[in-house]
Amino acid sequence: MSDSFAHRLLAWYDTNGRHDLPWHHDRNPYRVWVSEIMLQQTQVTTVIPYFEAFMRRFPDVEALASAPVDDVLSHWSGLGYYARARNLQKAAQQVVENHNGQFPEDLEQLQTLPGIGRSTAAAIIAQAFQRRAAILDGNVKRVLARYHAIAGWPGKTSVLNLLWARAEEHTPKERIRDYTQAIMDLGAMVCTRSRPACESCPLRTGCEAYARGETGLYPGSKPKKTKPEKTTWMVILQDHDGRILLERRPPSGIWGGLWSLPELDPAYGPDELPEACEQAFGFNCGEPALTSGFRHTFSHYHLHIRPARLTVHSSAQVKDAENHRWIHRDKALALGLPAPIRTLLTSPEQSVLL
DNA sequence: GAGACGTGGTC
DNA sequence: TGACCAAGTCT
């Protein structure tokens, strides 16, 4: 039912909303889908340049499906959550092979594609097919939690279910595309996390949190936990030509599918590194030169990185040639080597800014 | 249910 | 400076 909530929101959107984002032009399921995946946990201003470059290189689902995976990853460099890029291409291949190149128009079917969950599927239904579907992203959660004074952290299933129920309730049958954009815009521009602009909010009347003067209490915050500390070796393996070894990281885990300095088990002591390298790569190495380690903070843990530089004595081939490559020192320096954290690559030729 | 997955912005 | 968060999904 399109209640007063939806009407007030749409009236606000008509004069105050964002109507000119790149994915609003030439709107088709492919462009909507790519934008929705890029926008997961990522802000609009960050996404815009990536979206435009991505569309130039992969203008349609066939182009994406048939591209080399390293090419897809290189266009994702710096965006983070690289599983999104891998899933994006897998999904493109499924659309081409199983759906004749056309995106399914059904909520459940969309969710069978990798990387598409309930909210993204609904966003595609609403934005691309203009059919009624309720979304519930971070913006909508905040708006609804405040409007209905829904207490508790939205990560909790019970709270999430309450929010979904309200989202369904407010979603209108008419102007579904605009409504979907409108409620996200309100969350991003007015009903912000800190210092919301309640005085210019079309939903001020009826907002329970505002009436109580308690907008700061909603949505409830996540339970605090101390971040675990992890440690790793990152080795700078150099041969007599000055070349440095890179390793393709496994598809899952941190920086999945990207290239970086090889990592070794932190259980090895400094003295055991030559032996560990011999086992892992097949090289006879000299004594490691250790430089001071540093800490890199991620969403869920602190990573203590210990760089170790070793020189390769034997000129044998690398053991696992498929997943290792040498790059020349000049190139390595240009990429910022040997600072290990700056050596992430989407292919040995391309650097990633971190 | 809880943890993993990234980078950039905010306070 | 560091905790917290952002157009979530997968394991």
Side-chain angles (χ1 to χ4, degrees), chain A residues 17-18 21-24 32-51 73 76-88 90-91 110-124 126-127 133-143 145 153-161 163-164 167 180-189 191-196 216 218-230 249-258 260 295-303 341-342 344 346 352-354:
Chain A
R18 295 175 289 191
L21 294 168
W23 40 93
H24 291 165
V32 169
W33 167 59
V34 172
S35 74
E36 289 298 333
I37 301 298
M38 285 188 171
L39 286 161
Q40 289 170 0
Q41 301 287 286
T42 311
Q43 297 194 331
V44 168
T45 51
T46 305
V47 164
I48 288 173
Y50 281 89
F51 179 81
L73 281 171
W76 213 268
S77 309
L79 252 193
Y81 284 137
Y82 298 96
R84 292 185 296 174
R86 298 182 152 274
N87 285 334
L88 199 71
K90 276 185 215 149
L110 276 173
Q111 287 180 75
T112 67
L113 296 171
I116 300 183
R118 182 174 176 179
S119 191
T120 299
I124 295 169
Q127 300 275 1
I135 61 156
L136 187 62
D137 58 17
N139 288 312
V140 182
K141 285 174 188 168
R142 192 167 51 254
V143 171
W153 174 52
K156 226 181 133 184
T157 303
S158 58
V159 179
L160 193 62
N161 287 338
L163 290 167
W164 268 114
T180 301
Q181 187 64 47
I183 193 162
M184 288 191 290
D185 285 0
L186 190 80
M189 301 163 68
C191 195
T192 50
R193 184 162 63 88
S194 58
R195 299 162 49 89
Y218 305 93
S221 56
K222 185 173 150 173
K224 284 194 232 284
K225 271 176 195 151
T226 56
K227 286 187 183 18
E229 195 88 26
K230 302 186 182 185
R249 304 181 64 91
S252 62
I254 192 76
W255 303 317
L258 277 64
S260 75
R295 202 169 79 146
H296 195 77
T297 298
F298 295 93
S299 301
H300 296 279
Y301 61 94
H302 302 288
L303 184 63
I341 204 64
R342 299 196 180 282
L344 286 175
T346 49
V352 177
L353 295 176
L354 284 177

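Protein chains get the first letters and strands the later ones, always in sequence-line order, with residue 1 at the start of each. If you're wondering where the values come from, they're calculated on a predicted model, not measured in any experiment.
In terms of position on DNA chain C, the residue among A:R142 and A:T120 whose nearest nucleotide sits closer to the 5' end is A:R142. The 5' end of DNA chain B is approached more closely, in terms of each residue's nearest nucleotide, by A:A83 than by the other of A:A83 and A:Q43. Residue whose closest nucleotide on DNA chain B sits further toward the 5' end, between A:W153 and A:Y81: A:W153.
B:dG8 and C:dT1 have their C1' atoms separated by 16 Å, given to the nearest Å. Straight-line distance between the P atoms of B:dG3 and C:dA7: roughly 23 Å, to the nearest whole Å. Rounded to whole Å, the C1' atom of C:dT9 lies 23 Å from the corresponding atom of B:dG9. For the C1' atom pair drawn from C:dA6 and B:dG6, the interatomic distance equals 12 Å after rounding to whole Å.
Closest approach to the A:Q41 side chain among C:dA7, C:dG8, B:dA2 is made by C:dG8 (side chain taken as heavy atoms from C-beta onward). Between B:dC5, B:dT7, C:dA6, one nucleotide has an atom nearer to the side chain of A:I254 than all others, and that is B:dC5. Listed nucleotides: B:dC5, C:dA7, B:dT10. Nearest to the side chain of A:S194: B:dT10. For A:Y82, taking side-chain heavy atoms from C-beta onward, the closest of the listed nucleotides B:dG3, C:dG8, B:dT7 is B:dT7.
Under 4.0 angstrom from either OP1 or OP2 of C:dC4 there lies at least one side-chain N or O belonging to A:K224. Listed pair A:K90 / C:dT9 fails the phosphate criterion, with no side-chain N or O lying under 4.0 Å from OP1 or OP2. A sub-4.0 Å separation between OP1 or OP2 of B:dT7 and a side-chain N or O of A:W76 is absent.
Side chain A:R18 to base C:dA7: a donor-acceptor pair is found below 3.5 Å. No donor-acceptor contact under 3.5 Å links the side chain of A:T45 to the base of B:dG8. With hydrogens and angles ignored, a donor-acceptor pair closer than 3.5 Å exists between the side chain of A:S299 and the base of B:dG6.
A donor-acceptor pair is defined here as one N or O able to donate and one able to accept, closer than 3.5 Å; no such pair exists between the side chain of A:T46 and the backbone of A:V44. Side-chain atoms of A:Y50 come within 3.5 Å of backbone atoms of A:S77 as a donor-acceptor pair (strictly under, hydrogens ignored). Counting only distance, with no hydrogens or angles, the side chain of A:T120 and the backbone of A:G117 share no donor-acceptor pair below 3.5 Å. Here the side chain of A:R249 pairs a donor or acceptor atom with the backbone of A:I254 at under 3.5 angstrom.
Residue contacts for A:K141: at a heavy-atom cut-off of 4.0 Å it reaches no nucleic acid atom on any strand shown. No contact: A:Q111 has no heavy atom under 4.0 Å from any strand. Contact annotation for A:L21: base contact, defined as any heavy-atom pair under 4.0 Å involving a base atom. As judged by a 4.0 angstrom heavy-atom cut-off over every strand, A:I116 is placed among residues touching the sugar-phosphate backbone only. Across all strands shown, A:V140 has no heavy atoms under 4.0 Å from either base or sugar-phosphate atoms. Nucleic acid contact class of A:G253 (heavy atoms, under 4.0 Å, all strands): sugar-phosphate only.
Atoms CG (A:D137) and P (C:dC5) sit 16 Å apart, rounded to a whole Å. Taking atom CG on A:L79 and atom P on C:dA7, their separation rounds to 15 Å, with Å as the unit. Rounded to a whole Å, the NE2 atom of A:H300 is 7 Å from the C1' atom of B:dG3. We find that CZ of A:F298 is positioned 17 Å from C1' of C:dA3, with the value rounded to whole Å. If you take CD of A:E36 and P of C:dA6, they are 16 Å apart, rounded to a whole angstrom. For the pair A:H302 NE2 and B:dT7 P, the interatomic distance rounds to 16 Å; values are reported in whole Å. Nucleotide C:dG2 holds its C1' atom 14 Å from the NE2 atom of A:H296, rounded to whole Å. Here the P atom of nucleotide C:dA6 and the CE atom of A:M189 are 17 Å apart, to the nearest Å.
In terms of heavy-atom proximity, A:L110 sits nearest to A:A121 at CD1-O, 3.7 Å.
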Self-check item: Derivation of the side chain to side chain contact (heavy atoms under 4.5 Å, CB included) call for A:V34 and A:F51
Solution: CA-CA 8 Å; A:V34 172; A:F51 179 81; 4.2 Å; yes

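A donor-acceptor pair shorter than 3.5 Å cannot be found between the side chains of A:R84 and A:N87.
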